[in-house]
Amino acid sequence: MTETVPRPTLEAVAARAGVSRATVSRVVNGADGVTEPLAERVRRAVEELGYVPNQAARSLVTNRHDAVAVVAAEPESRVFADPFFARQLRGISRELTAHDNQLVLLLTEGRHDHARVARYLAGGHVDGALVFSLHLDDPLPGLIQRAGVPVVFGGRPGWSGGGNDVVYVDSDNRGGARDAVRHLLGLGRDRVAHITGALDQTSAVDRLDGYRDAMAGAGPRLVAEGDFTLAGGERAMRELLENHPGLDAVFAANDLTAAGALRVLREHGRRVPDDVAVVGFDDMLPFAEQTEPPLTTVRQDIEEMGRLMARLLLRGLDRTAAARGTADGSPSGVICPTTLVRRASA
């Protein structure tokens, strides 16, 4: 059997640094009232002994768990298959790690999981929550807010009760969609179709509105509903070719949808961009560069948006700890800019 080595204690650190136990506790927990020379002696003793604070005891002092829940309102199969979620999670993880916080990932396979997530959040296990990929009729926002934890949402709120005080991060979906369609029109295309995302999500609604801004008067036959997946893009592209075989351009709600459209266009002998130009949304690298042909798309910085969500939550927690209820004028919603990236598909 391997012999267990006793963990260094707070008292051992105090003895090594030549200070009181209370002084060590204040330094370890980030409290004020310790001069820098003493604090440096404590930090050096902590490093030399390999002392790791007991998180349960530390939480009693700081009222913080240094853990944040990330709630993805999508089935596990979707979260791990769609590169969008991987990039957003990477941004969140990097920001939390930089601030010595742990990420707790909570997935929902369906509405039967919502109560479980709400109970976990209300149970005092985490300091706050980051929630994304919500649907318009989703009860999850209300359940999470009733759990009493600070929360930042990924995406513009469109659900019932999503008021002005909801903190969220989103991209300029409507403006980016407008830019995509105007680019296609600028190429001389005049029969521009749109494959939407899942229309129970605000990002898809905003991109459809941006398409309509640029294509005023476009008939309903030029719009087909997708669901942000490759298979959904394939289904919608077949529908568009059947209903409007003379179309000469397609704006797809995301890059996966655009890839599905490209596959169907090839099957039907349509050359891209000669016969039909295609533009996506996301600029999911390296995916967007590896389609055939490489995809012109609207870039949103997904990883940075994830980092920003985490940053807003941690700043809010710090402000609450410093002065509960103090308003500082921080924005409730942050809209990140988008950029059109031109490649060979349009």
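Numbering starts at 1 and runs along the sequence shown.
- Glu74 and Thr108 are not linked by any side-chain donor-acceptor pair at a separation below 3.5 angstrom, with hydrogens and angles left out of the test.
- Looking at Glu292 and Arg266, no side-chain N of the basic residue comes within less than 4.0 Å of a carboxylate O on the acidic one, giving no salt bridge.
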N/O donor to acceptor pairs below 3.5 angstrom from side-chain atoms of residues 176-187, sequence neighbours left out:
from   : atom 1 : to     : atom 2 : distance (Å)
Arg178 : NH1    : Asp213 : OD2    : 2.9
His183 : NE2    : Ala346 : O      : 3.3

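- Counted within 6.0 Å of CD on Glu242, heavy atoms from surrounding residues, nucleotides or ligands total 12 or fewer; the atom is thus considered open.
- Checked for salt-bridge contact, Asp283 and Arg299 meet the test: a charged N lies under 4.0 Å from a carboxylate O.
- The residues Glu304 and Arg311 are annotated as salt-bridged, a charged nitrogen and a carboxylate oxygen being separated by less than 4.0 angstrom.
- A salt bridge does not link Asp82 to Arg87: none of the charged side-chain nitrogens sits closer than 4.0 Å to a carboxylate oxygen.
- Between the side chains of Thr338 and Asp172, no donor N or O sits under 3.5 Å from an acceptor N or O.
- A salt bridge links Glu40 to Arg43: at least one charged side-chain nitrogen sits closer than 4.0 Å to a carboxylate oxygen.
- Residue Asp100 qualifies as open at atom CG: its count of foreign heavy atoms under 6.0 Å is 12 or below.
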Begin from the C-alpha positions of Val71 and Tyr120 and carry the test side chain to side chain contact (heavy atoms under 4.5 Å, CB included) through to its verdict.
CA-CA 11 Å; Val71 183; Tyr120 181 84; over 6 Å; no
Pair up each side-chain donor or acceptor in residues 246-253 with any protein partner under 3.5 Å, not counting sequence neighbours, and list the distances.
from   : atom 1 : to     : atom 2 : distance (Å)
Asp248 : OD1    : Arg191 : N      : 3.0
Asp248 : OD2    : Asp190 : N      : 3.3

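- The side-chain contact (heavy atoms from CB on, under 4.5 Å) check on Ala14 picks up Val24, with sequence neighbours excluded.
- Under the 3.5 Å distance criterion, with hydrogens and angles disregarded, a donor-acceptor pair is assigned to the side chains of Asp282 and Gln300.
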